[in-house]
Amino acid sequence: MPRVPFIGGNFKCNGSTDFIKAHVAKLAAHSIPAGVEVCIAPSMVHLHLAATVNTNKSLHVAAQNVYIQPSGAWTGETSVEMLKDMGVTYTLVGHSERRRIIGECNTLSAEKALRALQHGMTVLFCTGETLQEREAGKTMQVNIEQLQALKNQIDKAGDKGLWKGVVIAYEPVWSIGTGVTATPEQAQEVHASLRAWVAEHVCKDLAASIRIIYGGSANIKNCGALGKCPDIDGFLVGGASLKDEFLAMVDSLAATKGV
Ligand code: PGA
């Protein structure tokens with residue numbers, strides 16, 4: 001079974017109500033190629049608006065983060081239950097800005113992913129190394145440690161089937177928002193290694209079916225060459241997802257993958 005290409009737009013901490021209304025309406029008006037899975041992740045405060053404005057069943061609305069508890073005294077947090085109540089069934093987890101700036105550790109990211117997966121959500125589980133780590137030859141070690149934390153949680157829960165809800169987003173920290181994109185060779189090498197890790201440590205069938213998408217200054221100019229790589233199944237797009245360019249990337253991905 002060929003993997004369904006996946007592309008996500010991460011709006012981060014951007015946008016106003018006017019912008020979200022106009023941008024989501026424009027994205028929703030687009031005829032999304034049937035063979036591609038697409039989601040957009042506005043800020044929490046804009047999620048409800050985006051979910052309301054979005055009339056396109058092929059465009060999914062995602063959260064950028066989620067918490068590990070169902071409800072209670074967790075100031076500033078949002079639960080899986082709250083997201084699902086709004087019809088949101090996709091979420092990013094462990095974005096490098098949360099890991100590196102906000103201070104989320106591997107275990108917490110993995111716990112968040114587990115809870116979302118156990119409630120049937122699709123989780124875009126982000127991994128990525130810093131430039132310093134890459135230069136120290138630790139690229140795979142860092143990415144695999146992040147993924148291993150997720151494996152530990154899923155193993156503890158005793159339900160390997162949960163992996164089916166995971167999309168791995170490989171996002172080298174040095175390329176996020178910098179305009180320095182990983183070359184297709186650099187990205188393909190990591191994607192192939194992550195897939196090999198999944199084959200060895202989870203199972204071969206999952207390795208063949210799991211989507212591994214690339215993020216980090218992906219745009220309409222570089223997505224064609226990156227998308228041609230056999231282990232790159234799509235993109236997590238930051239800056240370019242705030243522009244019409246995102247729609248061109250959706251179409252380009254469909255064309256590159258022949259769906
Ligand atoms: P960027 O962000 O495309 O602006 O580099 C990607 C991301 O952080 O998901």
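Heavy atoms only: backbone and side chains are in, while hydrogens, waters and symmetry mates are out. Start at 1 and go down the list; that is how both ligands and their atoms are numbered.
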| message | Determine whether Glu129 and Lys138 satisfy the following criterion, salt bridge (charged side-chain N to carboxylate O under 4.0 Å, His left out), listing intermediate values before the conclusion. | response | CA-CA 8 Å; Glu129 79 289 354; Lys138 292 187 177 159; over 6 Å; no
| said: Set out, in order, the CA-CA distance, both residues' side-chain angles and the distance that settles side-chain contact (heavy atoms from CB on, under 4.5 Å) for Glu81 and His119, then state yes or no. | reply: CA-CA 8 Å; Glu81 284 77 356; His119 287 78; 3.8 Å; yes
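Contact residues of ligand 1 (protein heavy atom closer than 4.0 angstrom to a ligand atom; sorted by chain and number): Asn10, Lys12, His95, Glu171, Ser175, Ile176, Gly177, Gly216, Ser217, Leu236, Val237, Gly238, Gly239.
Between the side chains of His95 and Asn65, no donor-acceptor pair of N or O atoms lies under 3.5 Å.
In this structure, His191 contributes its side chain and Asp231 its backbone to a donor-acceptor pair below 3.5 Å.
A cation-pi arrangement is not found for Arg211 relative to Phe235, the charged atom failing to lie both closer than 6.0 Å to the ring centre and inside a 45° cone about the ring normal.
If you chain together ILVMFWY residues whose side-chain heavy atoms come under 4.5 Å of each other, Val45 ends up in a group of its own.
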